[in-house]
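Step one of this worksheet: look at the structure below.
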Protein chains: 2
Amino acid sequence: MAIKLYSYWRSTAAYRVRLALNLKGLEFETISVSLAPGKSEHRQDDYRSRNPQMLVPFLEDGEFGVGQSQAILEYLEETYPEPALLPSSAEQRAAVRSFSSSICCDIHPLNNLRVLLYLQGELDVTDEQRDTWYAHWIYEGFRAAEITATACDGPFVFGESASFADACLIPQMYNARRFKVPLDDFPRLVAIEKHCNARPEFQDALPENQPDCV
Amino acid sequence: MAIKLYSYWRSTAAYRVRLALNLKGLEFETISVSLAPGKSEHRQDDYRSRNPQMLVPFLEDGEFGVGQSQAILEYLEETYPEPALLPSSAEQRAAVRSFSSSICCDIHPLNNLRVLLYLQGELDVTDEQRDTWYAHWIYEGFRAAEITATACDGPFVFGESASFADACLIPQMYNARRFKVPLDDFPRLVAIEKHCNARPEFQDALPENQPDCV
């Protein structure tokens, strides 16, 4: 198969790419790279030689490979433009990218596995402190996301069709639920999540539906 | 002036946008939003109503406004395409964006002011633990960045002309030096920094050359 996604079922960033691939109707092969402590396949030599960033996701499309979920989404949009996951005007595109970046830059990097392991392993924070940290950054980011999404009508974040924004939001919602972060303050985000998760492109991308889910 | 940049002199993310604006030869007005503890102008109502994310930078171009540095860079590239800060092929564009995202998503969000304040204020980490945290995420990210940049020739990260990658790297190098992170392991990054910082577009964007530098 031409497109290969190096992925871990629980990776929030890989989940974004699965959604973009599914929304574009692109077939792909999932290659599992376990981030589980004790396995850490992303830090082993063969993966490292492929992706020196030693993170998932990493996409291969034929001979070409690229890491970083936002870069992958942009690559897919340029290479497989239909259906579009960005609007047509520069202003609307910027709004979608800003929403997406607020999740990819200002929520998720603070809460991903390597950071939680550092907090507990190096800084000896308690489970409660870790969970408070986690919820804090979700709240900070979702508060703004709720305002932005509420200013738009339609079943998706930015209206009638799915965009990068939904591909970034839905994995972060999943992640928030996994850590039992209350979502009562974000009714618009919850409604978008419900709408999205009823669709097969989103169902197929769920972590528990991945081949390497344990 | 048509373009306004809401900015804080020490913000690494605002610095990226100043570089992109300068590299494109766009004039802009800087509007200071102090992130300094005690001032926190980014959390005050008038800024919040402009940018619910309550972060800098925020760019206004006439009536249109957008936050998040990567979204702003993409907006500038689409709206003011010359000189280009992205290459022409989808593959090369993806490589530049991946490099940029590795800094914007996997280094800087862990080390910005709000996170350092949380570590000290909420988790009672010592100055030494904070600095170790800081250096750790720089090292993790720069190690991969050095490999990627070394695989390319030319004075800039990706060859003969400046790109998003340089606009993201140079502020992060500045930031690393500010926190006295040793850079001996990253000779290619240091050489790129030296080349860039000899140029007026980069000089003008330096934090100490901003009107709100105190």
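What you see is a predicted model; the values in this text were computed from it and never measured. Chain naming here is simple, since letters A, B, ... match the order of the sequence lines and numbering starts at 1 in each.
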Under a 4.5 Å heavy-atom criterion, the part of residues 145-156 of chain B in contact with chain A comprises B:Ile147, B:Thr148

- Task: Examine the side chains of B:Gln68 and A:Asp106 and answer whether a donor and an acceptor come within less than 3.5 Å of each other.
- Result: yes

Review point. Quick one: do the B:Gln70 and B:Ser101 side chains pair a donor with an acceptor below 3.5 Å?
Key: yes

Relative to chain A, which of [options] shows the most heavy atom pairs under 4.5 Å?
| options | value |
| --- | --- |
| B:Arg143, B:Arg114, B:Met54 | B:Arg114 |
| B:Glu77, B:Glu122, B:His136 | B:His136 |
| B:Val125, B:Leu119, B:Val115 | B:Val115 |

Of A:Pro52, A:Ser98, A:Ala13, A:Ser100, the largest count of non-hydrogen pairs under 4.5 angstrom with chain B goes to A:Ser98

Residue set satisfying salt bridge (Lys or Arg N to Asp or Glu O under 4.0 Å) with A:Arg97, at least two apart, ordered chain then number -> A:Glu74, B:Glu74, B:Glu78

So, the part of A:Ser102 with a heavy atom under 4.5 Å from chain B: the answer is both

Salt bridge check, B:Glu140 against A:Arg43: does any charged N sit closer than 4.0 Å to a carboxylate O? yes

*Does a side-chain N-to-carboxylate-O contact under 4.0 Å join A:Glu193 and A:Arg177?*
yes

### Query
Mind checking whether B:Leu169 and B:Ile192 have side chains closer than 4.5 Å, heavy atoms only?
yes

> Less than 4.5 Å apart, any side-chain heavy atom of B:Gln120 and any of B:Asp127?
Replying inline: yes

In terms of heavy-atom contacts, B:Ser11 and B:Leu35 come closest through CB-CD1, 4.5 Å

Shortest non-hydrogen pair, A:Ala167 vs A:Pro171, comes out as O-CD, 3.1 Å

Residue pairs passing the ring pair (Phe, Tyr, Trp, His ring centres under 6.0 Å) test with at least one member in residues 78-117 of chain A, sequence neighbours excluded, are A:Phe99-A:Phe158

Practice task
For A:Lys24 and A:Pro83, indicate whether the former's side chain and the latter's backbone hold a donor-acceptor pair under 3.5 Å.
Solution key: yes

Margin query: Any side-chain to backbone donor/acceptor pair from A:Tyr6 onto A:Leu55? Under 3.5 Å, distance only.
Written below: no

Bottom line for B:Trp137: the part with an atom under 4.5 Å from chain A's heavy atoms is side chain

Taking a cut-off of under 4.5 angstrom between non-hydrogen atoms, the residues of residues 57-66 of chain A near chain B are A:Phe64, A:Val66

